[in-house]
Amino acid sequence: MSLRLDRVTVHLGGRDVVRDVSLDVGDREVLAVLGPSGSGKTTVLRVIAGLQAPTSGRVEIDGRDVTAVPTHARGVGMMFQDHALFPHRDVGGNVAFGMRMARASRSATRSRVAEVLDLVGLSGFESRAVDGLSGGERQRVALARALAPRPSLLLLDEPLGSLDRALRDRLLDELAGLLRSAGVTAVHVTHDQAEAFATGERIAVVLDGRLAQVGPPPELWRRPVDLDVARVVGPVGAVPVEVRDGRVVAPWGPLPARTLASPPTADGPATLLVRPDAVELCLDGAEALGIGGTVARRSFRGDHVQLHVAVPTPEGAVDLPVVEHDRLDRDVGERVTLRLRDRSVIVVDPATS
Amino acid sequence: MSLRLDRVTVHLGGRDVVRDVSLDVGDREVLAVLGPSGSGKTTVLRVIAGLQAPTSGRVEIDGRDVTAVPTHARGVGMMFQDHALFPHRDVGGNVAFGMRMARASRSATRSRVAEVLDLVGLSGFESRAVDGLSGGERQRVALARALAPRPSLLLLDEPLGSLDRALRDRLLDELAGLLRSAGVTAVHVTHDQAEAFATGERIAVVLDGRLAQVGPPPELWRRPVDLDVARVVGPVGAVPVEVRDGRVVAPWGPLPARTLASPPTADGPATLLVRPDAVELCLDGAEALGIGGTVARRSFRGDHVQLHVAVPTPEGAVDLPVVEHDRLDRDVGERVTLRLRDRSVIVVDPATS
Amino acid sequence: SCGGDDSADEGPADGAAPDGPSGEVVVVAHDSFDLDDDMRAAFEEETGLTVTVQQGGDAVSVVNQAILTAGDPLGDVLFGLDDATLSRALDADLFVPHEAERLDEVDPALVLDDEHRVTPIDHGAVCVNYDAEWFASEGLEPPADLAALADPAYADMLVVQNPASSSPGLAFLTASVAEFGEDGWLDYWQGLEDNGVDVAADWSDAYYTRFSGGAGEGDRPLVVSYGSSPPAEVLGLDPLPEEAPTGVVESTCVRQIEFAGVLAGAENPEGAALLIDFLLSDRFQESIPLTYFVHPVIEGTELPEVFERFAVDPDDPYQLEPEVVADNRDRWIDEWTDAVLR
Amino acid sequence: MLSLPPLVFLAVFFAVPVGAILLTGLRPDGSWALGALVEVLGDGALRGVVWFTLWQAVLSTVLTLAVGVPVAYALTRFDFPGRRVVHAALLVPFVLPTVVVAVAFIVTLGSGLRGTLVAILVAHVFFNVAVVVRVVGGLLEKLDPRMEDAAATLGAGRWRTALHVVLPLARPAIVSAAGVVFLFTFTSFGVVLLLGGPEHATLEVEIHRQTTQLLDLPVAAALSLLQLAIVAGLLAVGTGRQQALAVAQPIAGDAASVRRPRGVGERSFLAAALALAGALVGVPLALLVLRSFRAPDGGLGLQWYRALVDPEASVLGRPALDAVRHSLEFAVAATVVAVVVGLAAAVVVTRGPRRWARALDVVLLLPLGVSAVTVGFGFLISLDDPPLDLRGSWWLIPMAQALVAVPFVVRVLVPVLSSIDDRVREAAAVLGASPARVWREVDLPLVGRAVGVAAGFAFAVSLGEFGATVFIARAETVTVPVAILRLLGRPGPSNFGQAMALSTILMVMTTVSLLVISRLRPGGTR
Ligand SMILES: Nc1ncnc2c1ncn2[C@@H]1O[C@H](COP(=O)(O)OP(=O)(O)OP(=O)(O)O)[C@@H](O)[C@H]1O
Ligand SMILES: Nc1ncnc2c1ncn2[C@@H]1O[C@H](COP(=O)(O)OP(=O)(O)OP(=O)(O)O)[C@@H](O)[C@H]1O
Ligand SMILES: Cc1ncc(C[n+]2csc(CCO)c2C)c(N)n1
Ligand SMILES: [Mg+2]
Ligand SMILES: [Mg+2]
């Protein structure tokens with residue numbers, strides 16, 4: 001099942017919550033939608049599901065204009081961000097609902113319910129009241145409910161948001177496998193890059209109602225169109241630089257061309273995006289092209305330590321996120337030297353904000 | 001304000017949802033509670049807030065037994081996992097509620113509301129209806145509402161679960177600063193290790209209603225009491241090993257003593273815990289103590305690639321999580337060699353499961 | 001009656017200032033009775049007393065309420081007993097005697113209690129009314145008497161009230177007993193039943209929703225109503241028509257008298273007596289026809305023109321002794337119900 | 001604590017008067033005379049009456065639900081011009097004297113149906129759709145629209161969403177409404193008497209006759225006890241079910257989920273629902289209104305309205321506007337009493353100890369199960385000693401009206417209250433609100449709209465009550481329905497026309513009052 005949004009705009013509460021979004025999702029593609037809170041992700045899903053009529057624009061499924069088709073006739077499955085479980089039905093009744101609507105047989109329903117509950121780690125929960133479920137359990141029931149009728153277009157709104165990492169990883173794996181094997185087209189809204197990276201063949205970044213960039217994960221990571229997109233995709237430091245005659249001049253000096261992921265397009269002021277994987281901590285403070293800075297913050301992340309290194313610039317210090325793998329135990333306040341890796345930093349137009 | 005739980009047990013829905021939990025939280029301490037979905041985290045918070053009477057056990061605040069004190073007289077603030085916003089009040093009315101209950105002046109309330117809304121990135125949302133808020137916006141309103149009356153004991157149930165990484169990082173920072181500067185004692189429930197690591201001076205790991213381990217983040221990372229705790233705290237590979245005369249014998253051969261984080265306590269079968277930061281990918285496949293394996297899965301994570309390397313053992317292959325920083329671009333199916341770092345792997349009693 | 005006298009005598013002695021100019025008289029009445037503002041003002045001017053009218057449902061309910069609260073009545077005067085309830089009220093010793101000032105001006109035929117515990121205030125006649133226009137257009141003569149109503153020529157035309165719940169209904173039942181006697185009346189009703197008589201719950205139901213004449217919305221041209229109904233049908237028309245749209249079958253009329261009495265145990269028996277006198281005053285009596293659509297009891301009271309012209313005041317209506325009605329009423333109603341409704 | 005006001009109220013204005021009148025019947029001279037009871041229970045004809053009373057009530061209730069639930073759904077889901085007016089106008093039948101309703105029906109349907117069971121059923125539905133629309137609508141308005149969204153994404157169309165999600169969630173309210181409708185129709189009096197014809201008798205008709213006409217208190221008491229026992233028994237069963245059905249659910253704020261109908265399906269559903277309501281309630285009422293403007297010459301005019309205010313032309317004896325004022329005063333007082341008592345009761349029913357709650361829930365409905373005349377007579381013989389010497393007091397009437405209105409208030413509020421998600425209350429508690437404060441800050445505003453609905457209901461019930469009012473009214477403070485009755489107690493086109501005019505005024509006054517009341521919302525500050 002393929003999906004197309006054509007210049008969809010949604011006006012709500014006095015403003016355009018979704019603005020002129022056009023989007024193609026191919027048959028059996030899994031598209032991840034990533035965007036900050038309030039950017040319009042849920043609204044886009046609601047438009048696709050037919051729960052929200054677009055103010056303008058069209059929705060097509062398999063090439064057919066469905067803008068005026070009511071939700072239940074669109075054949076989409078949706079998992080709601082706030083779950084929206086039926087309080088008057090037990091877990092089994094919630095999960096079976098879609099099957100019943102599709103007039104599946106009793107025994108087929110029962111076995112499918114058991115199957116999806118098992119998938120989400122809630123085997124045997126059939127007769128539990130939804131009232132007594134924990135937050136994560138509710139989320140899983142909501143997911144199971146959306147999966148049970150095997151919709152061919154699946155809309156997932158933060159399906160794993162309140163699950164622990166281990167469960168989330170397992171479900172992500174299973175979900176990815178499931179989607180692929182069942183040949184489902186899916187739109188997966190998430191605020192978590194790792195999740196988007198894991199399921200999305202392509203990721204659509206939504207910013208303030210607009211579709212800012214769509215592409216496969218590495219492209220978004222390495223070639224974000226602007227600072228805002230870069231930020232949504234992962235930690236990034238932003239350094240004001242000047243491009244002169246195609247050469248990038250940073251506050252600490254000109255950059256060697258080989259460190260750039262791609263050559264700058266135009267002269268003038270620009271912003272240099274520095275991902276944590278673009279810099280290395282030098283073991284001793286005296287490298288030729290080293291960037292001097294001070295550890296501003298440091299946080300233990302288990303398998304690594306995340307440092308924020310303040311690098312002075314004429315307009316004040318900028319924070320560069322740095323991953324410290326090697327247990328160097330740099331402490332806050334310590335001076336460090338950073339080195340840019342080859343083909344790692346990105347030059348974009350100056351941040352407007 | 002200090003908090004103590006003394007052998008708290010909660011029986012719900014026919015089973016003990018919280019079992020014999022004793023816990024001390026010192027004045028101005030921030031305790032993170034980490035645990036899988038359904039392990040009883042929320043229930044523990046509800047007991048502390050007085051929303052759930054423990055079946056047995058006591059709750060003390062500042063040394064005073066408050067087990068029988070009604071919620072509103074306990075002076076705790078709580079942010080609910082499912083937000084529980086007042087549907088009939090606008091955002092400002094929700095956030096102001098606690099201040100009103102405390103009979104704060106109108107002007108104080110107004111300015112405090114503006115202040116906390118600003119903190120959570122919702123400046124100017126005062127007169128928005130909660131009905132039209134996005135999921136993340138609701139969560140932030142719930143957080144702001146809990147913070148507004150400056151409670152001296154703050155209970156946060158997944159406060160940042162549905163926020164994007166950038167906002168979450170910012171809020172985590174702000175929250176940590178805020179808690180420290182306001183001298184608040186806090187219990188912060190989360191399913192996200194990074195979050196727990198960031199705010200918790202100590203982390204309490206809850207497993208299946210029991211308190212499995214409490215300690216500062218590095219301790220939990222490096223010295224989990226068992227595999228289950230290790231899993232909750234972060235990705236880990238588990239290899240069945242044999243301890244003979246104090247030496248650890250892995251399927252691929254005996255381990256050098258220097259690779260162990262601590263010496264094994266007893267002979268017999270044991271489990272070797274391998275964190276991603278305990279192994280390095282060798283650049284060429286022929287190191288002396290190298291562990292041979294095959295890349296089973298690979299996922300792009302932005303600043304790194306997460307590999308799962310299948311290492312053969314007599315009982316079948318085990319998966320070791322490995323972080324690939326250096327763009328080595330190992331692909332699924334490729335053979336790789338791993339090397340254990342010094343003082344990095346942990347030996348625990350054999351996994352019961 | 002001695003007890004009644006006692007309390008009537010003692011009342012003023014004990015009372016704070018019962019005959020002071022600011023006392024109050026409470027009239028307990030059915031819900032059709034009221035005194036308009038002019039009437040109240042007149043009474044107050046005459047006596048210095050104010051009036052309160054306590055309504056208690058239909059006429060029978062009011063009497064029954066009075067019986068229930070005998071000795072500790074809801075007011076001072078009871079207005080609205082009719083012949084059918086009279087003996088029950090008298091048996092319950094509800095009243096103390098009061099001989100009204102103008103009683104001598106009342107037609108003696110209307111004064112049923114020689115002890116003057118109750119005083120007649122108005123009277124009317126319950127008679128079969130017909131839709132004159134309907135009969136004219138059908139070219140049919142209206143029925144001549146009670147017997148004619150059972151004639152197939154008048155099949156499915158008559159509507160009566162259920163005597164169990166309606167006072168004209170009960171009056172009409174007594175007319176049939178008076179006409180056909182204890183032995184014949186049930187057969188008569190059987191005949192009416194065979195002739196398709198319709199039974200309404202009460203007067204309004206019969207007159208407005210079943211009767212075709214006048215303002216009625218129904219489809220039956222014959223209804224049990226009052227001898228004074230026709231004037232109401234032309235009231236307000238200018239000029240008055242020659243004929244009223246409804247007519248009265250005079251030979252079917254049965255008399256109904258409405259009484260008032262001073263309640264035993266009244267807080268203000270003097271005031272009560274004054275009020276009864278007032279009800280016989282010209283002022284009130286003259287207002288009776290167009291307010292209640294019945295006749296005043298004071299002989300020679302001036303009648304409005306419509307009333308004079310269109311109302312029927314039968315010379316020789318059916319009339320049963322109140323005691324006979326009281327003794328047999330329940331049995332009649334039961335037998336009637338069995339014959340007509342089952 | 002909170003159960004005190006409803007209990008005291010019920011004791012003084014219900015238990016004591018009714019107990020007194022029953023005792024008068026059963027112990028006429030200080031010793032038990034249970035002969036009547038035995039006799040009544042052994043009467044074969046009575047068994048027929050009980051049986052008819054029961055099954056026509058069940059049938060009426062089912063029919064009323066069948067009409068009322070879709071109309072409630074249409075009115076709470078779809079917006080259209082005049083939605084609020086329709087909602088308010090549906091209650092008009094409640095305030096009209098039955099004989100006026102009978103006129104309306106004859107005018108609409110002709111006399112053909114008169115005396116048939118169909119007439120009774122149609123009239124019962126006519127009267128009581130508003131009960132269903134109000135009680136069920138009160139909850140539907142609060143349903144979280146996301147439940148319906150979720151069902152739609154699972155493949156449920158509007159119908160099946162309604163059937164599988166909306167109806168089950170509204171079930172406590174449906175059961176609640178059914179209870180009231182059942183009571184009304186079980187104790188139906190005027191309709192059965194006027195439209196059903198004399199061969200259809202309910203227990204209530206018999207009680208009425210025995211009490212007011214025959215003053216056979218022993219038989220009346222026996223019948224009343226029988227009626228009470230049946231009613232209480234059935235209610236106890238029904239109430240248990242209702243409570244078992246209540247589920248806490250996310251409740252929407254006041255940004256109600258009404259919207260314009262979309263698509264042919266929705267539009268035709270709305271049209272059908274409105275047509276049904278219109279045919280059933282609108283047409284008869286409209287024809288009455290038309291009658292009020294019909295001049296004797298067949299044209300249209302205002303003369304009956306003029307006659308109403310002309311002391312020469314009217315038999316009312318005082319300006320008709322006085323009756324309007326008295327009606328409004330009584331109704332306002334009764335509404336305030338009913339809402340206060342009903343709110344307290346609803347809280348106890350939903351939040352109090354379970355057993356208590358159930359018992360109170362049943363007891364609160366009993367006033368509807370007792371004949372108004374029984375209550376009226378009871379007032380007369382019991383409220384005559386200090387400190388409760390209320391006979392003749394102005395307050396007696398609003399109290400009697402409130403007695404009938406309280407059950408509605410409770411019925412509207414209980415389903416809504418019991419569906420409020422506890423977590424919202426907990427959130428308030430954590431923020432420092434004591435239980436009383438939680439009630440004021442959370443429950444009250446959340447049921448605010450429902451309180452408005454209930455108040456409107458109470459208001460209409462009070463305006464229309466005359467079973468008891470007629471017994472204790474005073475001519476000086478006559479109410480509009482009583483005035484209409486008085487006009488219809490006299491012959492002639494003028495009286496009839498004035499009655500229709502006054503009925504029209506009553507309709508307008510009811511509709512306008514309800515529109516105003518629906519805008520009042522206690523604790524409704526955002
Ligand atoms: N009222 C109740 N009745 C029955 N079971 C309950 C009730 N409340 C909680 N439980 C069960 O107790 C367990 C613990 O619930 P709790 O909400 O404390 O989990 P949690 O650790 O907060 O999980 P999550 O991270 O998913 O929110 C769950 O399995 C839940 O289903
Ligand atoms: N019915 C509505 N009325 C007014 N504003 C609305 C309405 N629905 C959504 N909005 C606003 O539109 C914006 C986008 O909402 P949406 O729910 O699509 O965001 P989102 O990207 O899903 O965010 P989150 O990650 O926080 O769930 C938000 O700012 C929200 O407040
Ligand atoms: C069968 C039946 N008859 C009458 C009414 C109307 N009604 C019910 S309560 C009330 C006021 C107080 O008694 C009125 C007028 C009804 N709903 N159902
Ligand atoms: Mg969202
Ligand atoms: Mg939880």
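Convention: sequence-line order gives letters A, B, ...; per-chain numbering from 1.
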Given a strict heavy-atom distance threshold of 4.5 Å, which part of D/Arg437 is in contact with chain B: side chain, backbone, both, or neither? side chain

I need the contact set between residues 113-127 of chain B and chain D: heavy-atom distance under 4.5 Å, sorted by residue number. none

Looking at B/His83, B/Met99, B/Arg46, B/Arg74, which one has more heavy-atom pairs under 4.5 Å with chain D than the rest? B/Arg46

Pair listing, side-chain hydrogen bond (donor to acceptor under 3.5 Å, both in side chains) test, anchored in residues 47-59 of chain B, at least two apart: B/Arg58-B/Glu60, B/Arg58-B/Asp65

Indicate whether any N or O donor in one side chain lies under 3.5 Å from an N or O acceptor in the other, for B/Asn94 and B/Arg145. yes

Less than 4.0 angstrom from a charged side-chain N to a carboxylate O is my criterion; do B/Lys41 and B/Asp157 meet it? no

Let me know if B/Phe86 has heavy atoms under 4.5 Å from chain D in its side chain, its backbone, both or neither. both

Atom group of B/Pro149 that falls short of 4.5 Å from chain D, counting heavy atoms: side chain

So, D/Asp149 and D/Arg146, do they make that salt bridge, N to O below 4.0 Å? no

Tell me, yes or no, whether the heavy-atom count around B/Arg138 atom CZ, taken from other residues, nucleotides or ligands under 6.0 Å, exceeds 12. yes

Shortest non-hydrogen separation from B/Val21 to B/Gly209 and the atoms involved: CG2-O, 3.4 Å

In terms of side-chain geometry, is the basic nitrogen of D/Glu266 or D/Arg77 positioned less than 4.0 Å from the acidic oxygen of its partner? no

Turns out that what part of B/Leu85 lies under 4.5 Å from chain D's heavy atoms comes down to backbone

Are side-chain heavy atoms of B/Thr71 and D/Glu426 found at a separation under 4.5 Å? no

